Structure formats: C-alpha cells, structure tokens
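Please read the structure below before turning to the comments.
Lettering follows sequence order; numbering is per chain, from 1. A quick note: this is a predicted structure, and the numbers were derived from the prediction, not measured.
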There are 4 protein chains.
Amino acid sequence: MESFDGEMNGGLREVMHKEKKVLNRGFVELVEWMGGDEAVIRNARRCWRSASKGTESDRKLLKHLLLKGHKTPFEAMVFTFDIKCPLFVARQWFRHRMGSFNEESLRYCVAEREYFVPEGLPAKLRDEWREHQEETFTLYEQMISRHSLRREAARAILPIGIYTRFYWTVNGSSLMNFLLLRTSRQAQREIRAYARAILEIVSTVAPWSFSIFQEFVLKGGESGSHEEA
Amino acid sequence: MESFDGEMNGGLREVMHKEKKVLNRGFVELVEWMGGDEAVIRNARRCWRSASKGTESDRKLLKHLLLKGHKTPFEAMVFTFDIKCPLFVARQWFRHRMGSFNEESLRYCVAEREYFVPEGLPAKLRDEWREHQEETFTLYEQMISRHSLRREAARAILPIGIYTRFYWTVNGSSLMNFLLLRTSRQAQREIRAYARAILEIVSTVAPWSFSIFQEFVLKGGESGSHEEA
Amino acid sequence: MESFDGEMNGGLREVMHKEKKVLNRGFVELVEWMGGDEAVIRNARRCWRSASKGTESDRKLLKHLLLKGHKTPFEAMVFTFDIKCPLFVARQWFRHRMGSFNEESLRYCVAEREYFVPEGLPAKLRDEWREHQEETFTLYEQMISRHSLRREAARAILPIGIYTRFYWTVNGSSLMNFLLLRTSRQAQREIRAYARAILEIVSTVAPWSFSIFQEFVLKGGESGSHEEA
Amino acid sequence: MESFDGEMNGGLREVMHKEKKVLNRGFVELVEWMGGDEAVIRNARRCWRSASKGTESDRKLLKHLLLKGHKTPFEAMVFTFDIKCPLFVARQWFRHRMGSFNEESLRYCVAEREYFVPEGLPAKLRDEWREHQEETFTLYEQMISRHSLRREAARAILPIGIYTRFYWTVNGSSLMNFLLLRTSRQAQREIRAYARAILEIVSTVAPWSFSIFQEFVLKGGESGSHEEA
C-alpha cells in the first residue's frame with residue numbers, strides 16, 4: 001500500500017512543527033505522532049488474523065469501523081500538540097478526560113499580558129475592554145511584586161480570557177470524539193476554530209481515517225455540545 | 001460486623017445534605033453515596049471466595065490493600081458531592097480525570113457577583129481588589145445587556161477567581177488519589193481547604209478505610225503536587 | 001416528581017439481591033446502586049442552574065441527552081452487580097474498560113466443576129463434551145493435589161468455558177455502551193443473554209433513562225460488536 | 001542534549017521489530033513508539049515554561065517526577081507491542097485498563113494447536129498434559145468441522161493455556177504501573193517473564209526514565225499483585 005508514505009510525506013513536512021494561528025494570539029502545532037492509517041488497519045485486522053489487503057478493502061474497513069463505533073483500532077494512532085488558547089477554551093478542552101495535558105502553571109510562572117479580545121466589538125468597546133484588561137494586569141503585577149502576594153492567589157484577579165499553553169497527547173479515537181463535539185455548530189465559536197485547525201493537521205497525517213471521518217461521521221454536524229462549557 | 005451501621009448512621013445524619021463552608025463563599029456537600037467500608041471488604045474478599053471475617057481481620061485487609069496499592073476494591077464506593085469553589089480551584093480539581101463533573105455553564109447562565117478575595121490582604125489592598133472586581137462585573141454585564149455580546153465571549157473578561165458550582169461523582173480509589181495530592185503541603189492552600197473538608201465528610205461515611213488511609217498513606221504528607229495547576 | 005419513588009420501590013424489591021439465572025449455571029444480581037433517573041436529571045440541569053421541572057420536560061431532557069451523546073450526567077448513577085458467567089463471556093465483558101471488576105482468582109482458589117455446555121448439542125455430543133470436561137477437571141485436580149503443581153499453572157489445562165464470578169461496578173453511561181454493543185445481533189449469543197438480563201434489572205431501577213435508551217438508542221439493534229471477542 | 005539520539009539509535013535497531021521469546025511459544029515485539037525521555041522532559045518543563053537544561057538537571061527532574069508520583073509527563077511516550085502469550089496471562093494483562101488491546105478472536109479464527117505447558121513437570125506428567133491437550137483440540141476441531149458448532153461456542157472446551165495474540169498500545173505512565181505490579185515477586189511467574197522482557201525493551205527506548213524507574217521505584221520489588229488474577 002505504497003500510497004501511505006507517498007501521499008503523506010509531502011504534506012507532513014508542511015504540518016509538523018509549524019504554528020497554525022488561531023484567534024488573536026493562539027495557535028496549534030503538531031509536535032509528535034505515531035501510527036496513522038496503517039496502524040489502525042493493522043490493529044483492526046488482528047481480530048481476523050488478516051493483513052492489509054490493499055487500497056479499496058482497507059478503506060472499506062476504516063469506514064465500517066467508524067460507522068459501527070469500533071474505536072479501539074484508532075487508539076493505535078497518537079498525537080502530541082502544542083497549544084496556546086484562552087483559558088475559557090482550555091477549560092472546555094480539559095473536559096475531554098481521555099488524553100493528557102501538561103500546562104504551564106501560574107503558581108510558578110508570572111502571567112504574560114496576553115488576553116482574548118472578542119472579534120467584532122465596536123472600536124469603542126474594544127478599547128474599553130483592552131483598557132480594563134491592562135489595568136487588571138497592572139493590579140496583578142503590583143500584588144505580586146509590590147505586595148508579595150503569592151502568585152497562585154494573585155492570579156485570581158486575572159481574566160478567564162488570558163492565554164495559556166499546554167501539550168496535549170491524545171489518541172485517534174478520543175481525538176475524533178473531541179472533533180465531533182467541538183466542530184459542532186452547538187460548540188462555542190472560539191473552540192471550533194481550534195477544532196478545525198486540528199482537523200486540518202491530522203487530515204494530513206492520517207488522510208484516510210480523517211477523510212472518512214469527515215464524510216460519514218461529521219457531515220451533518222448536528223451533534224451538540226451544550227454541556228461541557 | 002454490626003459496627004458499620006451502628007457507628008455510621010449517627011455521623012451520617014450530620015454530614016449528608018449539609019453545606020460545609022470553605023473559603024469566603026464556597027462549600028462542599030455530600031449529596032449521594034454508595035458502598036462504604038463494607039463494599040470494599042466484600043469486593044476484596046471476592047478474590048479468595050471468602051466473606052467478611054469480623055473486625056480485626058477486615059481492618060488488616062483494608063490496611064494491606066492500601067499499602068500495597070490494590071485500588072480496585074475501593075472503586076466499589078462512590079460519592080457525589082455538590083461543590084462551590086473559585087474557578088482556579090476548579091481548574092486544579094478537573095485535572096483529576098477519573099471522576100465526572102457536571103458544572104454550571106457561563107455560556108447559558110449569567111455570572112453572579114461572587115469572587116475569591118485572598119485572605120490576609122491589608123485592608124487597603126482588599127478594597128482595591130474588590131473595587132476592581134466590581135468594575136469587572138459591571139463591564140461584563142454591560143457587554144451582555146447593553147451591547148449584546150454573547151455570554152460565552154463576555155465571560156472572557158471575568159476573573160479566574162469567580163465562583164463556580166459543579167457536581168462531582170468519584171469512586172473511593174480516585175478520591176484517595178485526589179486527597180493524597182491535594183492535602184499535600186505542595187498543593188495550593190485554597191484547594192487544600194476543600195480537600196480537608198471532603199476528607200472529614202468521607203471519614204464519617206467510610207470510617208475504617210479513611211482512618212487507615214490517613215494514618216498510613218497521608219501521614220507524612222510529603223507527596224507533592226506542583227504540576228497540575 | 002413523586003413518580004420516581006412511587007414507581008420504583010415496588011419493582012426494586014423484586015430485583016435487588018435476587019439471582020437472575022442466565023445460561024446453564026450463571027446468574028446476575030444487583031447488589032448495590034445509587035443515583036437513578038433523579039440524579040441524571042439533577043446533574044444535567046446543573047449546566048443551566050435549573051431544577052427538575054416535572055414529568056414531561058424531564059423526559060424530554062433525558063431523550064435529548066441520549067440522542068446527542070451527552071453522557072456525563074448518566075455517570076451520576078452507579079451499579080454494582082454480582083455476576084457468574086463462563087470465562088469466555090467474562091473475557092468479552094472485561095474489554096469494557098470503564099468500570100471495575102473484582103474477580104475470584106484461580107491462583108488462590110481451586111476451580112469448581114462448573115463449565116459451559118453449548119445449548120442444542122445432540123445428546124451424544126453433549127455426553128462426549130461433558131465426559132471430556134470431567135476428565136479435564138480430574139487431571140487438573142491431580143496436578144494440584146498429587147503432583148503439587150502451582151494452582152496458577154495447573155489452571156492452564158482448564159477449559160475457557162469454566163464459570164467465574166466477579167463484582168462489576170459501572171456507571172450508567174458505561175453501562176449503556178456495554179448494552180449497546182452486547183445486546184446487538186452481532187454480539188455472541190451467550191453474552192447477549194447476560195446483557196438482556198441486566199437491561200431488565202436496570203430498567204426497574206431507572207425506568208425513564210432505560211426506556212428512552214431502549215426506544216431511541218437500541219431500537220434497530222444494528223450496532224455491531226465483532227471485534228472485542 | 002545529544003546523548004539521547006546518540007545513545008539510543010544503536011540499541012533501538014536491536015529491539016525494534018524483533019520477537020523476544022517468552023515461555024514455550026510466546027514473544028513480545030515492539031512495533032511502534034513515540035516520545036521517549038525527551039518528550040517526558042519537554043512536557044514536564046512546560047509547567048515552569050522552561051526548556052531542557054542538559055544532562056544532570058534533566059535526570060534529577062525525571063527522578064523527582066517518579067518519586068513524587070507526577071505521572072502525566074510520562075503519558076507523552078507511547079508504545080505499541082505485538083504480544084503472544086497464554087490466555088491466562090492475557091487475562092491478567094487485560095486487567096490493566098489504561099491502554100488499548102486489539103486481539104485475534106476465536107469467534108472468527110479457528111484456534112491453532114499452541115498451548116502452555118508448565119515448566120518443570122516430570123516427563124510422564126508432561127506427556128499426560130500434552131496428550132490431554134491434543135485430545136481437547138481434536139474434540140474442538142470435530143465440533144466445528146463435523147458438527148457445525150459455532151466457533152465462538154466450541155472454544156469453550158479449549159484450555160485457558162491456549163496462546164493468543166494481541167497488539168497493546170500503552171503510555172509510559174500506565175506501562176510503569178504494569179511493570180511495578182507484574183515484575184513483583186507476588187505476580188505469577190509467567191507474566192513476570194513477559195514484564196521483564198518488556199522492561200528490557202523499553203529501557204533501550206527511554207533509557208533515562210526506565211533506569212531511574214528501576215533503581216528508585218522497582219528496587220525492593222516489594223509491591224504485590226495478588227488480586228488481579
């Protein structure tokens with residue numbers, strides 16, 4: 001099945017180790033992965049003691065797995081992303097329990113002046129927003145430097161829109177669940193932007209799995225996500 | 001083993017459905033549970049096809065399980081708590097992936113004016129803190145009511161110290177892991193207050209398991225928790 | 001919403017602590033539970049800070065949650081079952097990782113002469129099957145008692161159809177996933193018998209959740225389960 | 001930190017895609033991995049926004065993480081193994097819920113005549129063991145081919161010592177937990193052989209993490225594992 005390597009290597013050079021910009025200050029970047037389409041097919045075929053049979057039959061198998069909810073083979077592909085996003089987006093992200101997060105901590109680091117500004121605000125409101133946020137950071141910094149308040153307590157005054165950074169390691173099955181819920185029209189606009197960026201990246205890494213996923217699972221985009229917010 | 005019911009019922013009436021105050025505006029409350037010491041012992045003894053043998057031998061078994069890291073029997077006891085805490089505490093809490101969280105959402109609800117104020121601030125600083133927070137909430141409310149900004153975006157200006165509420169369902173084994181990390185001296189003071197309150201409550205529900213846990217696992221309190229912050 | 005208690009108590013007395021027979025020697029028995037419909041509704045409504053609104057609106061909510069895949073609220077109900085089943089059924093069961101198992105161990109206990117006999121075998125074949133199994137157990141017992149082979153090694157000669165016993169603690173969401181895969185026509189006949197027995201029991205405990213689950217999720221029964229076998 | 005690549009590449013060529021023999025017919029083979037020491041250090045340092053500082057300080061960090069139970073950074077390294085082992089060993093293995101398994105299924109495949117024979121049996125007993133097992137397989141094959149019994153039911157007569165094959169994908173943290181419990185003197189001799197083989201392999205892939213793990217966590221080897229059997 002030569003197509004795997006042939007197709008992928010070109011695109012992979014484009015997506016690995018490149019920050020893909022999201023929102024006013026954020027990004028996602030693929031830093032590591034293993035598996036891909038080949039591993040999913042190999043693992044699924046273990047069930048019948050069979051090996052990959054070439055293009056068409058493998059594609060059919062992937063479609064069957066995705067439509068019937070056989071998720072285990074997709075756990076054979078794993079990704080690590082470097083992510084920078086507003087804290088309210090990170091909170092939605094961390095609700096997805098199947099995956100691991102390593103995040104910078106404001107117990108140990110001093111927060112940088114980077115915060116979310118909603119798109120589409122009239123100029124006057126945007127200025128008011130920014131001005132208030134700048135004052136907030138000034139107050140925060142004074143609490144720490146001048147009044148020796150613990151960083152971990154001083155952060156309580158910082159806005160929920162502050163940017164944070166974390167590594168996210170997640171397998172293909174859990175990633176699809178994330179994408180299903182977070183590209184949905186019910187999901188918040190801001191996390192949808194991240195979900196779409198990630199979908200683009202992984203579609204380069206495992207093109208078969210994620211094109212079938214998009215066509216047959218995401219399609220209608222009807223699935224909701226009101227609650228984990 | 002009559003002691004189970006005899007001992008517990010008195011104390012249980014005290015702890016069920018009562019808000020135990022924590023920090024300036026928070027609380028924890030036990031709303032539901034199943035299992036307890038009896039279930040742990042029953043499940044552990046299944047391994048040898050044996051039944052509870054009475055006080056001393058059962059205590060010894062519990063101690064053996066805790067010291068050797070045999071965690072599965074403790075998954076037979078499960079608790080649901082109602083919790084109100086600052087968002088920065090909730091973020092630490094939600095890092096514990098083995099358990100389930102149902103939280104109120106600021107995508108659908110308007111935030112209430114309840115926020116964390118660090119203890120021990122000099123009066124002048126505390127006033128400055130409060131004043132700035134009140135301004136923040138006023139700006140937030142204007143963004144929503146006057147300028148029709150989406151609630152889910154407007155919340156980005158709210159402080160990380162805002163109070164949130166959630167239900168937490170967790171089994172005994174995962175709870176012990178939470179308590180080990182979050183009562184530790186390395187944990188942040190604020191979440192330690194919650195962890196201690198919960199430890200008190202569950203010590204009434206499953207007195208044997210948690211007294212042995214306190215004596216032999218927590219004791220030194222040396223275990224750290226720098227990272228999940 | 002008085003219907004909860006009114007409806008349930010009658011039926012519950014029937015299903016708690018009663019062995020429900022399955023296959024030639026097996027059973028399932030509910031030994032403990034918490035939560036139920038009420039807890040699911042309470043947890044789901046936390047999202048909007050709302051309380052139960054009475055019959056119709058609560059039913060609608062449960063249906064919405066189930067159809068949209070919002071699983072977290074169902075994690076507020078938890079069950080512990082006592083189960084006796086052939087080992088090849090237990091192997092399929094233990095593939096469901098979200099739940100906890102406490103099983104008797106043939107490292108410590110000597111196996112009892114209880115084994116699966118396929119239904120519908122002609123009498124002559126059934127006799128041959130039984131005779132061979134009895135010889136197997138005799139050989140097993142001799143290996144242990146006469147030749148001092150370790151129990152844990154001697155069991156290697158025992159049949160995969162031997163009966164085992166375990167406690168299973170599982171929340172409502174994981175249980176539904178189990179039921180979806182194991183009541184399916186693709187599932188093995190023997191585990192389907194267990195899945196149906198469990199579905200009957202929990203339908204008494206949480207009648208709303210599981211009747212809606214049956215009507216709208218299970219219905220077609222098309223979902224497959226070929227792989228975890 | 002050139003040592004990573006320098007040290008590893010040589011040894012890796014030795015361990016990747018090579019069957020390492022275990023017991024009379026089994027093996028383990030590393031088929032894929034990502035991460036390694038570098039990823040663990042990178043993820044752990046994210047907490048403080050710091051980068052790798054070179055040999056000594058990184059080693060110290062790894063030791064600190066392992067001793068304090070900070071497991072998340074080790075989830076950044078992931079392995080896939082191909083494993084062939086007796087079914088009673090697989091049953092112990094599958095109790096480790098944090099990882100994914102893709103196993104061949106005797107619902108779809110006909111079992112091969114490969115079964116465990118305990119080491120150290122006197123010749124006469126070993127012959128008796130083998131003879132009985134061969135008869136068992138003959139009966140199994142007749143049930144399927146001559147009497148058209150479903151494969152999935154016929155397997156009930158096969159021995160628990162039959163060999164099975166599966167892929168196992170597991171992260172570094174869960175792997176360490178497996179190794180801690182399964183290299184222990186309380187673990188069954190047969191699974192200990194597999195655990196040691198895997199420890200050797202991963203010690204080549206992530207030499208720092210696993211040498212510190214061996215020295216400071218495994219050392220005494222006192223931790224027990226009686227129950228998951």
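In this structure, B:R46 satisfies the cation-pi test against C:Y167, with its NZ or CZ atom closer than 6.0 Å to the six-membered ring centre and inside 45 degrees of the ring normal.
The contact between C:R165 and chain B is made by backbone and side chain atoms together, counting heavy-atom distances below 4.5 Å. Contacts of C:F79 with chain B are made by backbone atoms alone, with heavy-atom separations under 4.5 Å and no side-chain atom involved. If you measure heavy-atom distances from B:R45 to chain C, you find no contacts under 4.5 Å at all. In this structure, chain C has no heavy atom under 4.5 Å from any part of B:N171. Neither the backbone nor the side chain of B:V170 comes within contact range of chain C, judged by heavy atoms closer than 4.5 Å.
At a cut-off of 3.5 Å, with distance as the only test, a side-chain donor of B:R113 or B:T138 sits close to an acceptor on the other residue. Checked by atom type, the side-chain pair C:D37/C:S209 shows a donor-acceptor distance below 3.5 Å. A side-chain N or O of C:E75 and one of B:S100 form a donor-acceptor pair less than 3.5 Å apart.
Ring to ring, C:Y163 and C:Y115 are not that close: their centroids are 6.0 angstrom or more apart.
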